[in-house]
Amino acid sequence: MQLFKSLATFVTVCVCSALATNPTVSLPQLFYLGSGTSTVSSAGVLEIDGPLGLRVSESFTGGTITDSKGRPLAKIISGETIENGIVDSNNEFHVDARSTWLFSDGKYGFVTLQGIGPLGGNFWAKVAVETGSTTYAYLNTMFIVANITQISVGLHLDFFSFTAPPS
């Protein structure tokens, strides 16, 4: 019985200590960065069945991206973008896309998207931007996520970050 009381006291002290030292966790705020649409080649999508699932390969023919105020941010360069994803056995689509963007200041950027979601539905991707543009250099260090929706001509993308963009 003494062992049980000692153990109960120890557990109570540990729980109280943990509650006292851990602040309340808050959800991060997302800041809307902009949106856009990418168009897919009319040549169609190449599907390759493999041991890990159905590989999907398609080429984007262009697209436009606007900032949070609707101003032109970038154009997606035709022929320089490829999406090589996989549809797994649970019908989840794993996106893995790379694209070249021409920013509105005339500088190019390299953009990657990697994520997962239901095939034909909305899914989320982490976005990484690499550009030499001084105007858009802030994108190089932002943690960006995109909500991606498949539409008839390609993809619609809404971009968000955990930090506010410069005004």
Side-chain angles (χ1 to χ4, degrees), residues 11-40 52-53 55-56 58 60 62-77 80-167:
V11 170
T12 301
V13 169
C14 289
V15 169
C16 289
S17 295
L19 290 174
T21 58
N22 289 332
T24 303
V25 177
S26 61
L27 294 174
Q29 181 177 359
L30 286 176
F31 295 90
Y32 175 65
L33 298 177
S35 63
T37 300
S38 64
T39 54
V40 177
L52 297 177
R55 295 281 178 175
V56 178
E58 59 189 356
F60 295 127
T64 57
I65 308 296
T66 58
D67 69 12
S68 62
K69 296 178 179 151
R71 299 175 299 211
L73 178 83
K75 291 181 181 179
I76 299 172
I77 303 301
E80 297 298 324
T81 298
I82 187 96
E83 197 289 311
N84 287 302
I86 188 168
V87 180
D88 67 20
S89 60
N90 295 319
N91 215 31
E92 294 289 316
F93 183 60
H94 300 256
V95 64
D96 186 8
R98 279 122 178 81
S99 61
T100 303
W101 291 7
L102 176 60
F103 286 96
S104 62
D105 66 356
K107 301 289 184 178
Y108 287 94
F110 181 74
V111 180
T112 62
L113 292 96
Q114 294 178 311
I116 185 171
L119 182 64
N122 294 340
F123 52 95
W124 288 90
K126 182 203 179 294
V127 180
V129 177
E130 178 187 347
T131 182
S133 166
T134 54
T135 306
Y136 299 107
Y138 66 91
L139 294 171
N140 291 331
T141 58
M142 292 184 102
F143 189 93
I144 302 170
V145 293
N147 180 257
I148 303 170
T149 307
Q150 294 178 346
I151 58 175
S152 62
V153 296
L155 301 174
H156 175 81
L157 306 102
D158 291 308
F159 299 96
F160 302 89
S161 179
F162 295 106
T163 54
S167 332

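The model shown is predicted, which means the values in this text are computed figures rather than measured ones. The basis for the numbers below is simple: all heavy atoms, side chains too, and nothing from hydrogens, waters or symmetry mates.
- For Asp105, the salt bridge (charged side-chain N to carboxylate O under 4.0 Å, His left out) criterion is met by no residue, not counting sequence neighbours.
- Partners of Tyr138 according to the side chain to side chain contact (heavy atoms under 4.5 Å, CB included) rule, which considers only residues two or more places apart in sequence or in another chain, are Tyr136, Met142, Pro165, Pro166.
- For Ala125, the side chain to side chain contact (heavy atoms under 4.5 Å, CB included) partners two or more places apart in sequence, or in a different chain, are Val95, Leu113, Ile148.
- Phe143 is linked by a ring-ring contact (aromatic ring centres under 6.0 Å, His included) to Phe162, counting only residues two or more places apart in sequence or in another chain.
- Qualifying ring-ring contact (aromatic ring centres under 6.0 Å, His included) partners for Phe110, counting only residues two or more places apart in sequence or in other chains: none.
- Sorted by first and then second residue, the side-chain hydrogen bond (donor to acceptor under 3.5 Å, both in side chains) pairs with a member in residues 140-155 read Asn122-Thr149; sequence neighbours excluded.
- Judged as a side chain to side chain contact (heavy atoms under 4.5 Å, CB included), and not counting sequence neighbours, the contacts of Gln114 are Asp96, Arg98.
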Show the numbers, then the answer: is there a ring pair (Phe, Tyr, Trp, His ring centres under 6.0 Å) between Phe93 and Phe123?
CA-CA 8 Å; Phe93 183 60; Phe123 52 95; 5.7 Å; yes
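- A search for side-chain hydrogen bond (donor to acceptor under 3.5 Å, both in side chains) contacts involving Thr37 returns nothing, not counting sequence neighbours.
- Sorted by first and then second residue, the salt bridge (Lys or Arg N to Asp or Glu O under 4.0 Å) pairs with a member in residues 64-75 read Asp67-Arg71; sequence neighbours excluded.
- Remark: Tyr32 engages Ser35, Ser68, Asp158, Phe160 in a side chain to side chain contact (heavy atoms under 4.5 Å, CB included) (not counting sequence neighbours).
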Ser104 and Leu73: side chain to side chain contact (heavy atoms under 4.5 Å, CB included), yes or no, with the steps?
CA-CA 5 Å; Ser104 62; Leu73 178 83; 5.6 Å; no
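- Contacts of Thr64 classified as side-chain hydrogen bond (donor to acceptor under 3.5 Å, both in side chains), with partners at least two apart in sequence or in another chain: none.
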